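Below is one structure, written out as structure tokens; the observations come after it.
Only this structure's heavy atoms are used, side chains among them; waters, hydrogens and symmetry mates stay out. As the structure is a prediction and not an experimental result, all values here were calculated from the model.
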Amino acid sequence: GEPMVNVNDIKNGMTIEVDGNIYTVLDFSHIKPGKGAAIVKMKLKNLRTGAIYEQTFNSGTKVGKAMIEKKTMQYLYANGDNYVFMDMQDYSQIELPLSQIEEESKYLTENSEVDILYFNNEMLGINLPEKVELEVVKTEPGIKGNTATTATKEAVLNTGVTIRVPLFINEGDIVIVSTKDGKYVSRK
């Protein structure tokens, strides 16, 4: 069986198994009501569906610790609605449906490396690097001398995602984007 972990020892980013579902712990807080037992309130992301829940556990409850394996793979190309990745170790290829990685696909460029998460040989999804470099393919011309980052305009990137960028960014520029919130970080 799975190793167990006490909810009091949970850390952010830990992966747990509750009622057969696999969750990543996004956030947690220990709540001690005036009367009665302490509880731990957690914000959980279901790794199979991407849905986010809040759940409370009595202090001291044990939950399964899901052993997640990560494999580094390289994104090769999209084949219709499937995204093809190659295992860097043995060069085998796998396909993930777009529906499973819809958010992440906005930041995938050919040959970029990602971690694919597995639980007992079941593919759960992918972990992107925190920042990615993407090319601006469409935006209004840059305004020379305007280096203010407060004023922004829309830019379409080479993965098809649209983000807001400072006015001085031009088509053809490479921009660094945070995969956490999809925001512009800097120009390369």
[atom2] on [Y] to [atom1] on [X], rounded to 0.5 Å:
X	Y	atom1	atom2	result
I16	M42	CD1	CE	5.0 Å
K70	L117	NZ	CG	6.5 Å
Q100	S105	CD	OG	12.0 Å
D27	T24	CG	OG1	13.0 Å
E133	S112	CD	OG	11.0 Å
N82	L98	CG	CG	8.5 Å

Just wondering, do [Y] and [X] contact through their side chains at under 4.5 Å, heavy atoms?
X	Y	value
Q89	K71	no
F28	K41	no
L96	I116	yes
H30	S59	no
F119	L47	no
V114	E104	no
Y83	I126	no
T139	N170	no

Which atom pair, heavy atoms only, marks the closest approach of [X] to [Y]?
X	Y	result
P129	T179	O-OG1, 2.8 Å
K138	E171	CA-OE2, 3.4 Å
R164	E154	NH1-CG, 3.3 Å
P33	A38	CD-CA, 4.0 Å
M88	E113	CE-OE2, 3.1 Å
K106	T159	O-OG1, 2.5 Å

From CA spacing to verdict: side chain to side chain contact (heavy atoms under 4.5 Å, CB included), K43, I52: CA-CA 7 Å; K43 194 170 170 189; I52 291 175; 4.0 Å; yes
Does [X] belong to the same Ile/Leu/Val/Met/Phe/Trp/Tyr cluster as [Y], with side-chain heavy atoms less than 4.5 Å apart forming each link?
X	Y	result
I176	Y107	no
V175	V156	no
L44	I39	no
I101	I94	yes
V40	V18	yes

Not counting sequence neighbours, which residues clear salt bridge (charged side-chain N to carboxylate O under 4.0 Å, His left out) with E69? List them please. none
Whether the N58 and T61 side chains hold a donor-acceptor pair (N or O, under 3.5 Å, no angle test) is what I'd like checked. no
Mind checking side chain to side chain contact (heavy atoms under 4.5 Å, CB included) for N158 and listing every partner two or more places apart, or none if nothing turns up? T109, L134, E135, V137
Any residue meeting side chain to side chain contact (heavy atoms under 4.5 Å, CB included) with Q93, in chain and number order, not counting sequence neighbours: L76, Y77, V84, M86
Looking at [X], I want to see if its [atom1] is surrounded by more than 12 non-hydrogen atoms of other residues, nucleotides or ligands under 6.0 Å.
X	atom1	value
D81	CG	no
D19	CG	no
E122	CD	yes
E103	CD	no

Can you name the one residue among L157, I169, V136, V177 that meets side-chain contact (heavy atoms from CB on, under 4.5 Å) with Y184? I169
Taking K153 first and then E140, would you say they form a salt bridge - that is, a charged N and a carboxylate O separated by under 4.0 Å? no
Over 60° means perpendicular and under 30° means parallel, so classify the ring planes of Y53 and Y23, tilted if in between. perpendicular
